[in-house]
Novice: 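Mind having a look at this structure? Questions to follow.
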Protein chains: 2
Amino acid sequence: MSPRSSRPGSRPATIIDVAEAAGVSRQTVTRAMNDMPGIKEATKERVLAAAKELAYRPSRFGRGLVGHTQRTVGLVVDDLMNPYYPELASAVVSSARERGWNVVLAQTAKAADQYSLIADLAKQADVVVGYPALTDTQAQEVLAGVPFVRIDMGEYTYGGGVQMDVGDAMGDMADHLLERGSRRPVLLDVGLPGFPSARGKSFLAAMAARGVQVPTVSAATKSLSSGVAGANALLEAHPDVDAIMTFNDIVACGALKALHEAGVDVPGQVRLAGCDGLNLGRFVSPELTTLAVDMGAVAEAAVGMALAMYAGEVPLQGARAQVAHHLLVRAST
Amino acid sequence: MSPRSSRPGSRPATIIDVAEAAGVSRQTVTRAMNDMPGIKEATKERVLAAAKELAYRPSRFGRGLVGHTQRTVGLVVDDLMNPYYPELASAVVSSARERGWNVVLAQTAKAADQYSLIADLAKQADVVVGYPALTDTQAQEVLAGVPFVRIDMGEYTYGGGVQMDVGDAMGDMADHLLERGSRRPVLLDVGLPGFPSARGKSFLAAMAARGVQVPTVSAATKSLSSGVAGANALLEAHPDVDAIMTFNDIVACGALKALHEAGVDVPGQVRLAGCDGLNLGRFVSPELTTLAVDMGAVAEAAVGMALAMYAGEVPLQGARAQVAHHLLVRAST
DNA sequence: TTGAAAGCGCTAACAC
DNA sequence: GTGTTAGCGCTTTCAA
């Protein structure tokens with residue numbers, strides 16, 4: 001039977017309880033619990049025994065209050081079920097741990113109220129990093145005074161930001177597809193028709209610069225099912241397509257499913273490329289060629305920036321970092 | 001320019017600094033910061049202005065110390081890059097948030113020292129849940145006194161546990177494959193040849209009970225690449241195979257890749273099934289039939305149990321819960 | 001080797 | 001409506 005459950009209803013033991021039980025001062029308990037020098041072995045053991053007996057756990061609040069040493073980064077993601085976010089989260093956790101920081105995780109997709117979710121997070125964390133589903137104005141309200149780094153900030157401006165611009169890499173992708181022999185590439189973008197995404201624009205521009213006019217089909221959302229539907233629409237509109245550049249790897253997976261269903265060989269008949277460089281791209285067959293971004297670098301940039309803001313080495317507003325994509329050729333092209 | 005960065009080197013403002021700056025008592029600052037009643041609007045605004053000016057952020061330690069209200073569950077996963085863990089993490093975060101708890105995340109795969117990683121986590125969290133890569137003995141050392149629930153505990157015994165036994169569902173899977181016409185199914189297990197996994201045994205038993213003797217091939221690890229290699233070995237050893245039951249969805253994805261490479265149609269020539277019910281199974285084509293487990297239920301069970309242990313309603317040792325798998329038929333069979 | 005005193009930042013309870 | 005007091009649990013002095 002556990003000590004805790006053997007004393008039902010009793011409040012958690014404090015350092016004083018242990019001190020009394022062991023017949024020593026609080027300070028001696030501290031010394032015993034924290035492996036500090038200057039305590040006789042026998043005393044230490046006695047204290048430890050008392051602590052165990054009472055199921056004593058030092059309060060992290062008491063501890064945190066005195067030694068300002070327990071630091072936490074709040075990570076906001078949309079939805080861990082979306083294969084993109086775990087890769088980011090994994091990298092952020094690693095970066096944070098390396099610096100001795102903890103990570104508390106908040107997921108906006110499943111939250112009733114984004115606003116209060118982030119507000120709560122801001123109270124538990126020393127800095128906030130990630131993808132809050134908030135406007136600049138909202139973010140400013142909720143996060144006033146909290147070092148905040150938005151990842152992939154796009155048009156947002158409040159706080160610090162890490163940009164992942166596809167930039168030059170899109171040129172490499174265009175070159176690659178053309179070298180592979182594509183003559184009639186099509187862009188499978190995301191969003192409303194007529195409103196190309198930044199990525200989409202970048203691809204169109206890169207192709208145009210190479211003398212190729214690329215038609216666009218738009219999937220409704222960045223989801224797998226939209227990818228399927230979008231690719232089907234694309235095949236209908238452009239039956240002679242020989243390469244598809246997609247908004248991201250998830251949409252590309254959807255497109256790959258649609259192509260399989262339609263009996264179209266990839267990359268034999270149609271070459272297919274994604275964007276983001278998700279590990280997911282290696283689970284499908286053929287493996288996805290993609291414009292990859294180094295998530296480790298993104299996380300390092302974001303965590304590093306947030307911590308610098310926390311340390312006051314960088315202003316809370318305006319810091320920017322950039323991480324480049326690079327062409328990752330796999331089997332689908 | 002931010003208030004913080006405009007006062008470089010100064011320690012963070014405390015409630016006292018704000019009180020002095022606004023010419024009020026600490027208590028009034030508390031009232032203003034926490035939207036408490038009994039404060040004149042004008043005073044409140046003055047206090048808030050002072051707080052903003054000083055970049056004041058209430059210390060969560062001071063707060064936590066007085067109102068015992070800030071609770072945290074520590075979640076241990078192996079590696080978020082493994083598609084299994086994000087699904088668990090997502091569900092745990094949701095379950096925890098519903099109860100007003102935070103989640104701090106620890107990832108063992110990328111940690112130099114598992115032991116101290118978990119030890120640290122135990123200091124930051126009120127309960128620990130997940131997959132620590134520790135023996136029972138180690139767990140007991142590190143987590144002494146901390147409510148701890150191991151998910152998928154297998155042979156472990158320390159602390160509480162949530163079991164995900166494949167049980168009856170494996171019978172459904174066997175029935176399903178046989179109904180679909182399979183006569184020469186093969187098990188693609190994981191681990192050392194001759195040492196079938198619990199899941200593997202369960203499948204063999206279910207098939208044996210139906211009068212079918214199933215040969216086994218073992219993949220080295222639970223990874224994608226092992227799945228590919230294992231499936232290739234399987235095809236070589238059993239060229240007439242007509243159905244493959246795999247250890248889990250990840251291995252199944254690997255097998256699917258190998259089958260595609262080999263020009264084997266799924267499910268036309270070979271039916272393929274996985275286990276776990278990962279969302280990943282919907283990204284591949286054909287989508288994977290699988291023995292799914294409801295991660296929401298697993299998370300609920302684990303978090304609920306841990307919180308009950310924390311509340312002293314359940315002993316720290318010996319609590320068990322069980323979540324059943326169920327057959328999820330998709331296109332691969 | 002041990003203990004006593006002081007204080008970390010905050011809020012609940014009670015005065016005024 | 002506002003201030004005062006007390007105390008949350010811990011560790012860092014400093015003294016014995």
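Note on naming: letters A, B, ... go to the chains in the order of the sequence lines (proteins, then strands), and numbering restarts at 1 for each one.
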Novice: Given atom CG of B:Asp17 and atom C1' of C:dC10, what is their separation to the nearest angstrom?
Specialist: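 Atom CG in B:Asp17 sits about 13 Å away from atom C1' in C:dC10.
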Novice: To the nearest angstrom, how far is A:Asn34 atom CG from D:dC10 atom C1'?
Specialist: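 Atom CG in A:Asn34 sits about 9 Å away from atom C1' in D:dC10.
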Novice: Using only atom types and a distance under 3.5 Å, with no angle test, would you say the side chain of B:Gln138 pairs donor to acceptor with the backbone of B:Thr135?
Specialist: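 Checking the backbone N and O of B:Thr135 against the side chain of B:Gln138, a donor-acceptor pair under 3.5 Å is found.
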Novice: Tell me: CZ of A:Arg46 to C1' of C:dT1, nearest whole Å?
Specialist: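 The answer, rounded to whole Å, is 12 Å.
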Novice: For a quick test of reading the model: is some side-chain N or O of B:Thr28 closer than 4.0 Å to OP1 or OP2 of D:dG3?
Specialist: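 For B:Thr28, the contact criterion (side-chain N or O under 4.0 Å from OP1 or OP2 of D:dG3) is met.
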Novice: Are B:Arg57 and A:Asp126 within salt-bridge range, i.e. N to O under 4.0 Å?
Specialist: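 Answer for the salt bridge query: no.
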Novice: Just to confirm, is there a sub-4.0 Å distance from OP1 or OP2 of D:dG3 to any side-chain nitrogen or oxygen of B:Ser25?
Specialist: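 Answer is yes, contact under 4.0 Å.
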Novice: Quickly work out the A:Lys123 NZ to C:dC10 P distance and round it to whole Å.
Specialist: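 From A:Lys123 NZ to C:dC10 P: 14 Å.
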Novice: A:Arg26 CZ to D:dT11 P: how many Å, rounded?
Specialist: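 Nearest whole value for this atom pair: 11 Å.
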Novice: Using OP1 and OP2 only, check whether a side-chain N or O of B:Thr30 sits under 4.0 Å from C:dT11.
Specialist: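 The answer is yes; a side-chain N or O of B:Thr30 sits under 4.0 Å from OP1 or OP2.
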Novice: Looking at D:dG9, I'd like to know if its phosphate oxygens (OP1 or OP2) sit under 4.0 Å from a side-chain N or O belonging to A:Arg63.
Specialist: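 For A:Arg63, the contact criterion (side-chain N or O under 4.0 Å from OP1 or OP2 of D:dG9) is not met.
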Novice: Could you walk me through whether B:Gln322 and B:Val162 pass the side-chain contact (heavy atoms from CB on, under 4.5 Å) test, one step at a time?
Specialist: CA-CA 6 Å; B:Gln322 189 119 7; B:Val162 175; over 6 Å; no
Novice: I want to verify a distance call: between D:dT13, C:dT11, D:dG9, whose nearest atom is closest to the B:Ile15 side chain?
Specialist: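 Between D:dT13, C:dT11, D:dG9, the one nearest the side chain of B:Ile15 would be C:dT11.
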Novice: Nearest-Å distance, CD1 (B:Ile16) to C1' (C:dC8)?
Specialist: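 Those two atoms, CD1 and C1', are 10 Å apart.
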Novice: Does a side-chain N-to-carboxylate-O contact under 4.0 Å join A:Glu300 and A:Arg99?
Specialist: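 Yes.
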Novice: Among C:dT2, D:dT2, D:dC10, which nucleotide sits nearest the side chain of A:Thr43?
Specialist: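 Selected nucleotide: C:dT2.
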Novice: Need to verify one output field. Residue with the more 5' nearest nucleotide on DNA chain D, B:Gly38 or A:Tyr56?
Specialist: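 Per heavy-atom nearest nucleotide, the more 5' residue is B:Gly38.
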Novice: From CZ of A:Phe61 over to P of D:dC8, roughly how many Å is that when rounded to an integer?
Specialist: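 For the pair A:Phe61 CZ and D:dC8 P, the rounded distance is 16 Å.
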Novice: Across the strands shown, which category fits B:Met36 at heavy-atom distances under 4.0 angstrom: base, sugar-phosphate, nothing?
Specialist: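 Sugar-phosphate: the residue B:Met36, judged by heavy atoms under 4.0 Å, touches backbone atoms but no base.
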Novice: Using only heavy-atom distances, decide whether a donor-acceptor pair under 3.5 angstrom links the side-chain of A:Arg31 to the base of C:dG3.
Specialist: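 Counting by modelled atom types and ignoring angles, a donor-acceptor contact under 3.5 Å is found here.
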Novice: Of all the nucleotides listed (D:dT2, D:dT11, C:dA12), which has the minimum atom distance to the side chain of B:Lys40?
Specialist: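 Closest nucleotide among those given: D:dT2.
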Novice: For B:Ala22, does its backbone N or O pair with a side-chain atom of B:Arg46 as donor and acceptor, under 3.5 Å?
Specialist: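 Such a contact is found between B:Arg46 side chain and B:Ala22 backbone.
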Novice: Counting the atoms with a prime plus P, OP1 and OP2 as sugar-phosphate, which does B:Val24 contact under 4.0 Å by heavy atoms, base, sugar-phosphate, or nothing?
Specialist: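 Since only primed, P, OP1 and OP2 atoms lie under 4.0 Å of B:Val24, the category is sugar-phosphate.
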Novice: Could you tell me the separation between the CD1 atom of B:Ile39 and the C1' atom of D:dG1, rounded to a whole number of Å?
Specialist: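 Distance check: B:Ile39 CD1 to D:dG1 C1' gives 8 Å.
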